[in-house]
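This chain uses plain numbering: 1 for the first residue, then up along the sequence.
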Amino acid sequence: VFGKDITLILILSNLSFDHKTVKVDMNASAILYTRRAVAEILKATTSVDLGSKQGKHIRLKIPYSYYGKYLTTDKRIQVTALCEVIHMHGVKLLVEKTIILEDTNIIIKIPRRVVVNKAVSLEISYANPLPEPVNRCVLLVTLMNQQVKIHLAPLAPRERSKIYFEFTPRRTGPLQLQVDFSCDKFSHVKGFVTIAVASA
């Protein structure tokens with residue numbers, strides 16, 4: 001989840017009866033959805049001894065403090081591990097994993113029944129998932145082809161807050177409400193819900 005430390009585990013297994021030493025070069029980079037690297041976040045090298053038919057785990061931790069300032073709005077991190085068997089020239093294995101960090105910030109609560117031409121109040125809750133405060137918080141609400149920009153108070157670390165948004169639907173059928181939350185540390189955290197508007 002965005003804002004939390006990331007822990008990955010690489011599992012190495014020696015399928016032969018011979019003893020092996022494996023050098024592992026690990027790298028983590030912030031990337032765009034096109035897989036183009038934006039910034040290197042972490043680089044680490046380790047060496048592992050594997051006995052006959054033995055397996056070992058290598059743990060890689062990427063703290064939020066390492067990746068937070070480099071992440072793009074795509075919220076993607078690519079981790080690679082290049083494993084090379086020492087004294088066996090040309091024996092290499094590349095392991096890749098792309099991590100897409102999830103947002104759990106926006107929660108929209110709607111009444112059980114929404115009726116045309118009758119005012120309805122929605123609850124929109126939003127959160128700061130980071131271990132640091134955020135400022136310049138803005139909520140952009142899009143509904144019925146109209147946008148409303150709401151300036152919000154700063155949020156403390158891990159704080160969740162909520163607002164109430166009132167509107168009157170002018171026609172029956174499905175309506176889509178979109179919410180976009182931005183601040184000085186991250187932007188475009190989105191949430192949406194489809195509202196079924198009933199006849200009076």
Side-chain angles (χ1 to χ4, degrees), residues 1-13 21-48 50 55-86 89-108 124-142 147 149 152 154-160 176 178-193:
V1 176
F2 174 62
K4 296 195 174 174
D5 295 350
I6 300 164
T7 301
L8 300 168
I9 295 174
L10 175 68
I11 302 170
L12 292 178
S13 296
T21 300
V22 182
K23 180 189 170 197
V24 183
D25 290 317
M26 292 178 284
N27 183 286
S29 297
I31 61 167
L32 300 173
Y33 74 95
T34 57
R35 291 173 63 91
R36 186 171 73 82
V38 176
E40 188 175 79
I41 296 168
L42 182 69
K43 198 170 188 175
T45 299
T46 189
S47 182
V48 180
L50 295 172
K56 283 189 179 177
H57 293 190
I58 299 175
R59 185 181 293 267
L60 178 67
K61 186 175 182 180
I62 309 172
Y64 165 74
S65 59
Y66 282 33
Y67 74 78
K69 60 180 177 281
Y70 297 117
L71 219 55
T72 69
T73 53
D74 294 333
K75 295 186 177 65
R76 290 172 186 248
I77 295 173
Q78 184 167 13
V79 181
T80 61
L82 180 63
C83 308
E84 182 180 1
V85 181
I86 306 298
H89 298 295
V91 180
K92 294 181 181 179
L93 174 68
L94 180 67
V95 180
E96 285 187 332
K97 183 168 181 64
T98 300
I99 300 161
I100 303 172
L101 298 173
E102 294 178 9
D103 291 315
T104 55
N105 290 8
I106 305 288
I107 299 170
I108 305 166
I124 302 172
S125 80
Y126 52 96
N128 171 16
L130 307 183
E132 57 188 331
V134 296
N135 299 293
R136 297 198 299 277
C137 301
V138 175
L139 209 59
L140 192 65
V141 181
T142 306
Q147 286 191 331
K149 194 175 189 177
L152 307 165
L155 290 173
R158 313 281 189 209
E159 182 185 1
R160 179 169 283 280
Q176 192 171 81
Q178 290 184 323
V179 178
D180 188 309
F181 177 58
S182 295
C183 65
D184 64 336
K185 298 286 194 314
F186 55 86
S187 58
H188 305 304
V189 174
K190 298 178 186 294
F192 68 92
V193 68

Where is the tightest heavy-atom contact between [X] and [Y], given as atom of each residue plus distance?
X: Val79; Y: Ala28; answer: CG2-CB, 4.1 Å
X: Pro154; Y: Asn135; answer: CB-OD1, 3.3 Å
X: Asn128; Y: Ala156; answer: ND2-O, 3.0 Å

Near Tyr64 OH, under 6.0 Å, is it more than 12 heavy atoms from other residues, nucleotides or ligands?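 Count over threshold, so yes.
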side-chain contact (heavy atoms from CB on, under 4.5 Å) between Gln147 and Leu140, worked out: CA-CA 7 Å; Gln147 286 191 331; Leu140 192 65; 3.8 Å; yes
Look at the aromatic rings of Phe181 and Phe186 and report parallel, tilted or perpendicular, splitting at 30° and 60°.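 It falls in the perpendicular class, over 60°.
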For a 4.5 angstrom cut-off between non-hydrogen side-chain atoms, does [X] reach [Y]?
X: Lys190; Y: Gln178; value: no
X: Thr46; Y: Met26; value: yes
X: Leu152; Y: Tyr126; value: yes
X: Arg158; Y: Lys4; value: yes
X: Arg160; Y: Ile107; value: yes
X: Leu60; Y: Leu10; value: no

Determine, stepwise, if the pair Lys185 / Leu155 fulfils side-chain contact (heavy atoms from CB on, under 4.5 Å). CA-CA 11 Å; Lys185 298 286 194 314; Leu155 290 173; over 6 Å; no
Interatomic distance, Thr7 atom OG1 to Lys61 atom NZ [nearest 0.5 angstrom]: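 The distance works out to 5.5 Å.
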Could you go step by step and tell me if Val189 and Ile106 meet the side-chain contact (heavy atoms from CB on, under 4.5 Å) rule? CA-CA 8 Å; Val189 174; Ile106 305 288; 4.1 Å; yes
Would you kindly say whether Asn27 and Ser29 are connected by a side-chain donor-acceptor distance under 3.5 Å?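 Side chains of Asn27 and Ser29: pair found under 3.5 Å.
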Look at the side chain of Asp74 and the backbone N and O of Tyr33, then say whether any donor-acceptor pair between them is shorter than 3.5 Å.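 Judged by distance alone, yes, a pair lies under 3.5 Å.
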